[in-house]
Amino acid sequence: MSGQPASSYAALTGGVVRDEREAAIRRIAHRKHRAFRIYASLAALITTLVLSAAACSSPRAPTPVIPPDTPAGAQLRWLIAAMAHLPLSDAQVRAHFDAGVLALGSPAELNQGLQAVTDAKLVSVKVGEPSTVAAIVSAGGAVPRARITLTVDSRGLIGVLGISPAIAGPVPATWAGVDAALRSVAPQVRLLVANASNGSCQPVHGIDPATAAPIGSVFKLYVLDALGNAVAAGKVGWDQPLTVTAQLKSFPSGVLQNDPDGTQISVLDAAAKMISITDNTAADMLINLVGRSWVEAALTTTGMANPSLNRPFLTTRETFILALEQWPALAKRYLAANEAGRRALLANTVDRLPLPDVAAMRALSTPRDIDSLGPAASASDLCRAYASLATLTRRPGLSPIGQVLSLNDDGLDLDPAQWKTTWYKGGGGPGLLALAYLATTQTGQSYVVTVLAENKSQPIDGATATPIILSAIKGAFTLAAGR
């Protein structure tokens, strides 16, 4: 349940906050709840530092871009300096990366991944929260410009590191160009472009938008919807503390699985991590909090065409156990059972099993029942989920929904002169990539663009495919808003 294949160091994450969100987060910070006070510190951290030689009329050297004075910023500062002297030693890797990252790959593999951005120079830095930073760098290697995203755990060690191309060529200027770009990344692609300004989805353009497909971590939109309804009902509070326990820990992506048992975070912080860095443990903690039945209800209330595809609604921990434990016997037992039988198997067997060692995730480097074990939805379903969340965020006390959805745009970078907010959730794994956006123009028109790419026979190279998809999505937003 991650934005990229679980075995890759290039799991794309975020935590990016646009400058126009600063005032909104500052308003949240005035509340007296502890969870909201966390965001008070963020207002001072939201920084966008852009270095542009073309804009400099003075002969003086341009002001250098400096990482923020945060735990994530400190690790970014170290990483940029260290990449000028590769390879990293084993001691350096152990000193700066948490055990979860090291379990997924050796120091040699990490060094190989860093070769693409040797001699990196910071071009811009965007900060979402103290634990996350995203940067654009110029590089002397094969990739002239790259995007680095970095998230640290509670001890300040790097728990998530993503490196991807920041530029993927020209943005398509026609619908045919959008379609051609998307079809180049996978054998099966679904697309919906829709106007969602009035609380419903009015299609503008699409490729097979009604057919359900694997969505990976985009399922977390439904957890967020259920959470919003639980807050509205008085069942849950944003500042309510949650406790990290061994029984709720899952595999990456995310960092909470590396925190000691007993660590407490707020519901708001868990929601922010679930969406912005697609933290699987945060998602499972929230599912446990509101109850599986509330998330399953959200499938129906948001308008999913075939909610039975996702009942029972699996936690990420359950999905990983089914995909790894006693493979393929346990998964076959689960898939052969009816809904009642599946619920019984979860309660009596799956939920009693320990989580396999994180190194076992290497077995998930190729597609493994992605169209039956994992969550599924159509592009149209996801548009309706966004419409539901947009309605919720306008209700009293539910504005944090919009805030957490705005934390990370995965590098889409729509023109702020035309677009005032961007919501994003992505997902992926071996053989699938899913990117779902809702963006609102300065004039108040909202559009949804959702792309679901699937290859049942082999992994999709996210480092190559994601920038192409982002270019197509940017073109789709421009075309839709310019009609």
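All residue numbers refer to positions in the sequence shown, counting from 1.
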| message | Do W294 and L227 have side chains that approach each other closer than 4.5 Å (heavy atoms only, starting at C-beta)? | response | no

| message | Is there a side-chain contact between V125 and V133 in this structure, where contact means two heavy atoms from C-beta onward sitting under 4.5 Å apart? | response | yes

| query | Regarding R292 and the six-membered ring of F313, is the cationic atom NZ or CZ under 6.0 Å from the ring centre and inside 45° of its axis? | reply | no

| Does some side-chain heavy atom of P252 sit less than 4.5 Å from a side-chain heavy atom of V160? | no

| message | Do the side chains of R147 and D410 get close enough for a salt bridge, i.e. N-O under 4.0 angstrom? | response | yes

| query | Side chain of T302, backbone of L299: donor and acceptor closer than 3.5 Å? | reply | yes

| message | Would F320 and F251 count as a ring-ring contact (aromatic ring centres under 6.0 Å, His included) here? Give the steps. | response | CA-CA 8 Å; F320 282 125; F251 282 147; 5.2 Å; yes

| message | When you measure from the side chain of Q403 to the backbone of P400, do you find a donor-acceptor pair of N or O atoms at a distance under 3.5 Å? | response | no

| Heavy-atom check, side chain of N280 versus side chain of D284, under 4.5 Å | no

| said: Could you check whether T278 and S217, counting side-chain N and O atoms only, form a donor-acceptor pair closer than 3.5 Å? | reply: yes

| Aromatic plane relationship, Y437 with Y424 - under 30° parallel, 30 to 60° tilted, over 60° perpendicular | tilted

| message | Under the criterion side chain to side chain donor-acceptor pair (under 3.5 Å), I'd like the reasoning laid out for D225 against S388: C-alpha separation, chi angles, the key distance, then a yes or no. | response | CA-CA 7 Å; D225 190 278; S388 176; 2.7 Å; yes

| query | Checking side chain to side chain donor-acceptor pair (under 3.5 Å) for the pair T316/E318: CA distance, chi angles, key distance, verdict? | reply | CA-CA 5 Å; T316 68; E318 289 167 340; over 6 Å; no

| field | Check: L412 and L435 side chains under 4.5 Å, non-hydrogen atoms | value | no

| query | Is there a donor-acceptor contact under 3.5 Å from the side chain of S380 to the main chain of P209? | reply | yes

| Side chain of S184, backbone of A181: donor and acceptor closer than 3.5 Å? | yes

| field | Evaluation steps, side chain to side chain donor-acceptor pair (under 3.5 Å), between S154 and D259 | value | CA-CA 6 Å; S154 60; D259 284 350; 2.6 Å; yes

| query | Side chain of N408, backbone of S276: donor and acceptor closer than 3.5 Å? | reply | yes

| said: Regarding S200 and N198, do their side chains bring together a donor and an acceptor under 3.5 Å, going by distance alone? | reply: no

| message | Once salt bridge (Lys or Arg N to Asp or Glu O under 4.0 Å) is applied, do any residues pair with D381, and if so which ones, sequence neighbours excluded? | response | R384

| message | Whether the side chain of T301 engages the backbone of A297 through a donor-acceptor N/O pair (distance < 3.5 Å, no angle test) should be reported. | response | yes

| field | L192 and L382, any side-chain heavy atoms less than 4.5 Å apart | value | no

| Under 3.5 Å, side chain of R190 to main-chain N/O of A453, donor-acceptor pair present? | no

| request: Dump the intermediate steps for side chain to side chain donor-acceptor pair (under 3.5 Å) on S197 and Q445, then the final yes or no. | output: CA-CA 5 Å; S197 303; Q445 293 294 303; 3.0 Å; yes

| query | Taking atom types as modelled, is there a side-chain donor on T440 or S446 under 3.5 Å from an acceptor on the other? | reply | yes

| remark: Sequence neighbours excluded, the answer for salt bridge (Lys or Arg N to Asp or Glu O under 4.0 Å) partners of R155 is D153

| task | Inspect the contact between R311 and E296 and indicate whether a charged nitrogen and a carboxylate oxygen are less than 4.0 angstrom apart. | result | no

| Where the side chain of E109 meets the backbone of S106, is there a donor-acceptor pair that is under 3.5 Å apart? | yes

| message | Taking G402's backbone N and O only, do any of them form a donor-acceptor pair with T393's side chain (distance below 3.5 Å, no angle check)? | response | yes

| field | Close side-chain approach of L157 to F97, heavy-atom, < 4.5 Å | value | no

| field | Beyond-backbone contact of N455 with V185, side-chain heavy atoms, under 4.5 angstrom | value | no

| query | Is a side-chain donor-acceptor pair under 3.5 Å present for D261 with T263? | reply | no

| task | Report the relative orientation of the aromatic rings in W423 and Y386; use parallel for angles under 30°, tilted for 30 to 60°, perpendicular for over 60°. | result | tilted

| message | Rounded at 0.5 Å granularity, tell me how far CG in L330 sits from OH in Y334. | response | 10.5 Å

| said: Whether the side chain of K249 engages the backbone of L256 through a donor-acceptor N/O pair (distance < 3.5 Å, no angle test) should be reported. | reply: no

